[in-house]
Amino acid sequence: MTNPLYETLLGRHAESQAPFLYPEGGEPISYAAFLAMASRMSNAITSLGLMPGDRVAAQIDKSPEALALYAACVQGGFVFLPLNTAYTPAELGYFLSDSGAKLVVATDATEAKVAPLVSGTGAVVETLNADVTGSLAALAARQAHQAPVAERGPDDLAALLYTSGTTGRSKGAMLSQNNLLSNALTLARAWRFTQADVLLHALPIFHTHGLFVATNVILAAGGAMILFGKFDVDALVREMPKASTLMGVPTFYTRLLDHPGFGSGLTRGMRLFISGSAPLLAETHIRFEERTGHRILERYGMTETNMNTSNPYEGERRAGTVGLPLPGVELKITDPATGANVPRGGVGVIEVRGPNVFLGYWQMPEKTREELREDGFFITGDLARMDEDGYVTIIGRGKDLIISGGFNVYPKEVESLLDEQPGVAESAVIGVPHPDLGEVAVGILARAKGQEPDLDQIAAAMDEALARFKRPRKLIIVDELPRNTMGKVQKNILRQRYGGVLTA
Ligand code: MCA
Ligand code: AMP
């Protein structure tokens, strides 16, 4: 095969009139029509002078065309770099320059702010709006609906996804054709996806969950998706009788449980509910089963690895666990200090190896060496234990990370900004429990001697610099931060002290 990802997930459907997408409020789109859209888009990108291997960055709203842009990149051999629509220009500039993107796809609404970020670099900026307008949409409309398929091997780069780090700059995780393809085929099989499936797709498509897990699994199975622009619990409930499966973050499930119309009558036609990206509380799992008779299937993954473990389709879906290593994925629990295996039942860091594990961080060989061992095991930074029968329970994170509604917030990034503010001596950002989003960020500011931080001005500085989901929901001013004898800020004490500030 010249381009296994394209041929296995996309090309083989080129003649199929079966439905692929049911866009919310729009006409169904068949596989053949979707692939024609992708081909036109691929021709359009080629006409802009891009070559296979060039990066295509996209910060655009979710739509069938946005998905076709991803498919076009697979077809033309371009490296797809999706970006969270919440990122501010201040955040975006780094991703665009670090990746050396040759094409940046923005929207008509954001173009004026995005274009200056790449001026002088030779990158082209085009626009694609959710209503099929924009310069790239217009260019694609003038292209032939068939396009060459670029030759790409299993280890060639298919996508670059930036993940923030606990220290330093964001890192671009390099995902190969085979990383994506192997995981899509494994998951489709493990979760018994077929042509008959209709997935409720309400996740964003700029992250692994909505893009690779959801979309690639449906493509692998030849099923269809009801494509929502964003998560809206009423819309989900309305469409559920037409669907068979849902993939979501835990917030989807808590919001469904809070919906007055939600219950077993609505879920009768559904065969599978899958949760991931953040811990699903055992209580949510149990309440969901009581209400609907369905046991949510929880799985665990990372941007760098795609999916690693899953509760079984057949067999026990154990609440509070992320299940068993997926076929082809080796998983071990090691001592973070020595790297040695810990005995079964003991707590350590999860390490994984398999065709799903990424190639390394873009242009960061040292960071790659720190996290990806020479023998192929990737050190996830998640703390867990594995039971005698192989079930994995995540019990915490070795990395300082807050997962809010499925989005990652790295405290270090927010603290760096807070520390710069007038009147602030230093800061600590902690995750506190939140009934809707699981946890959210709260900032603790130690005032500089004799000064009082101006919270309005700090909020304005954060507006400018940070995506809204990263912003602390509350800022608390204190005289000083608690430290241990080594001088390290004791976040556990802050969590105990302020853990109830949003729920009290
Ligand atoms: C929105 N806001 C948030 C979040 N989302 N704040 C904190 N955390 C969030 N996740 C803020 C907005 O900025 C806004 O703030 C206010 O909340 C309301 O925004 P709205 O758009 O109405 O929110 P929503 O539509 O209700 O969004 C909540 C959501 C969404 C549906 C849970 O965040 C979501 O779709 N999350 C999924 C994330 C995901 O796909 N993660 C997968 C990563 P303001 O009022 O100040 O403007 S991939 C991954 O983790 C790995 C690989 C894996 O295992 O899957
Ligand atoms: P990301 O860096 O966005 O890929 O997020 C990956 C992180 O999400 C993992 O390292 C875990 O900490 C977390 N994660 C994903 N799925 C689960 C899950 N089912 N339970 C607990 N944490 C999860």
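Numbering of ligands and ligand atoms starts at 1, following listing order. Since the model is a prediction, treat every value here as computed from it, not as a measurement.
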Q. What orientation do F273 and Y253 show, parallel under 30°, tilted 30 to 60°, or perpendicular over 60°?
A. perpendicular
Q: Say whether R471 and ligand 1 are in contact under the criterion: heavy-atom distance to a ligand atom below 4.0 Å.
A: no
(Q) Strictly under 4.0 angstrom, heavy-atom based: which residues surround ligand 2? (A) S277, A278, P279, E298, R299, Y300, G301, M302, T303, V322, D382, I394, R397, K399, I403, N408
Q: Around atom 11 (C) of ligand 1, find the nearest protein heavy atom and jot down its residue, atom name and distance.
A: R473 NH2, 3.6 Å
Q. Considering distance alone, does some N or O of S277 sit under 3.5 Å from an N or O of ligand 1?
A. yes
Q. Among protein heavy atoms, which sits nearest to atom 28 (C) of ligand 1, and what does the distance come to when rounded to 0.1 Å?
A. R255 NH2, 3.8 Å
Q. Of all the heavy atoms in P204, does at least one lie under 4.0 Å from an atom in ligand 1?
A. yes
Q: Answer with yes or no whether K470 contacts ligand 1, where contact means a heavy atom under 4.0 Å from a ligand atom.
A: no
Q. Heavy-atom contact under 4.0 Å between L203 and ligand 1?
A. yes
Q. Any Lys/Arg nitrogen of K230 or D232 sitting under 4.0 Å from an Asp/Glu carboxylate oxygen of the other?
A. no
Q) Does the side chain of E239 pick up a donor-acceptor pair with the side chain of Y22 at under 3.5 Å? A) no
Q | Donor-acceptor pair between T305 and N356 side chains, under 3.5 angstrom | A | no
Q: Measure the acute angle between the ring planes of F95 and Y162, then classify it against the limits of 30° and 60° as parallel, tilted or perpendicular.
A: tilted
